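If you're wondering where the values come from, they're calculated on a predicted model, not measured in any experiment.
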Amino acid sequence: MSTAKKLIRQQFRDAVFARDKHKCKCCGWSIFQDGLVLDAHHITDRKLMPNEGYVAENGIALCPECHKKAEVFHATGTALINWSPIDLYQRIGSSHELAVKASEKLK
């Protein structure tokens, strides 16, 4: 992975974690509780977004257990109840449309 790509990914993670106050937006688990690592989850798969969707409007901080639940949609196309992309966007005050607009501004 190139240095530029690593920087873009780190900036995405930093922005998502700062906005979400380093807590899982679904269960409230804090990075400071157990030292486990939070994930910066792409709500809409980055392959489906302009410029790969590395924008906070398309990201949500999730603990490992909640990340597994959110990934069900990416793996199967069917979300668990309350885990659809619409649900996740609502948790962060965003939407697919806002994420696309922000992604189009990258580069």
Side-chain angles (χ1 to χ4, degrees):
M1 181 182 310
S2 72
T3 302
K5 179 72 168 198
K6 287 179 184 178
L7 179 61
I8 290 167
R9 289 181 63 176
Q10 189 59 51
Q11 289 171 336
F12 168 71
R13 291 173 56 81
D14 291 347
V16 169
F17 295 158
R19 183 206 53 227
D20 295 345
K21 298 179 174 71
H22 298 274
K23 292 183 180 180
C24 176
K25 289 297 284 185
C26 293
C27 73
W29 175 86
S30 171
I31 192 170
F32 304 110
Q33 286 177 314
D34 301 317
L36 294 175
V37 178
L38 281 175
D39 293 307
H41 173 72
H42 284 86
I43 297 172
T44 296
D45 191 300
R46 62 183 179 264
K47 295 173 189 157
L48 302 176
M49 295 290 287
N51 301 307
E52 297 188 319
Y54 281 101
V55 293
E57 293 86 350
N58 188 45
I60 185 170
L62 298 175
C63 71
E65 286 302 311
C66 289
H67 196 201
K68 289 177 191 174
K69 294 174 185 176
E71 283 293 330
V72 168
F73 178 78
H74 290 298
T76 67
T78 303
L80 300 174
I81 295 172
N82 297 320
W83 289 92
S84 73
I86 292 171
D87 296 320
L88 298 178
Y89 279 125
Q90 286 176 346
R91 289 178 187 265
I92 63 165
S94 188
S95 67
H96 178 76
E97 294 76 20
L98 290 173
V100 167
K101 286 180 185 177
S103 295
E104 289 172 342
K105 294 178 184 176
L106 289 176
K107 288 201 181 196

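- Under the side chain to side chain contact (heavy atoms under 4.5 Å, CB included) criterion, Ser2 pairs with Ala4, Lys5, sequence neighbours left out.
- Listed by chain and number, the residues in a side chain to side chain donor-acceptor pair (under 3.5 Å) with Asp87 are Ser84 (sequence neighbours excluded).
- Rounding to the nearest 0.5 Å places SG of Cys26 at 9.5 Å from CG of Asp20.
- If you chain together ILVMFWY residues whose side-chain heavy atoms come under 4.5 Å of each other, Leu62 ends up grouped with Ile43, Ile60, Val72, Leu80, Trp83, Leu88, Tyr89, Ile92.
- Rounding to the nearest 0.5 Å gives a distance of 10.0 Å between CD of Gln90 and CG of Asn82.
- The structure places CG of Leu106 at 9.0 Å from CE of Met49, a figure rounded to the nearest 0.5 Å.
- Considering all non-hydrogen atoms of both residues, Ala79 and Phe73 come closest at N-CD1, 3.7 Å.
- The structure places CG of Leu38 at 10.5 Å from NE2 of His67, a figure rounded to the nearest 0.5 Å.
- Phe12 is linked by a ring-ring contact (aromatic ring centres under 6.0 Å, His included) to His42, Tyr54, counting only residues two or more places apart in sequence or in another chain.
- For the pair Arg19 (side chain) and Gly59 (backbone), a donor-acceptor distance under 3.5 Å is present.
- In this structure, Leu98 and Gly93 approach most closely via the heavy-atom pair CD1-O, 4.3 Å.
- Put simply, NZ on Lys23 and SG on Cys63 are 13.5 Å apart, with the number rounded to the nearest 0.5 Å.
- Looking at Asn58, its side chain never comes within 3.5 Å of a backbone N or O of Ala99 through a donor-acceptor pair.
- Through direct or relayed side-chain contacts under 4.5 Å between Ile, Leu, Val, Met, Phe, Trp and Tyr, Ile81 connects to no other residue.
- Here Leu48 contributes atom CG and His96 contributes atom NE2; the two are 8.0 Å apart, rounded to the nearest 0.5 Å.
- We find that Glu104 and Lys101 are not joined by a salt bridge, their nearest charged nitrogen and carboxylate oxygen being 4.0 Å or further apart.
- Under the ring-ring contact (aromatic ring centres under 6.0 Å, His included) criterion, His74 pairs with His41, sequence neighbours left out.
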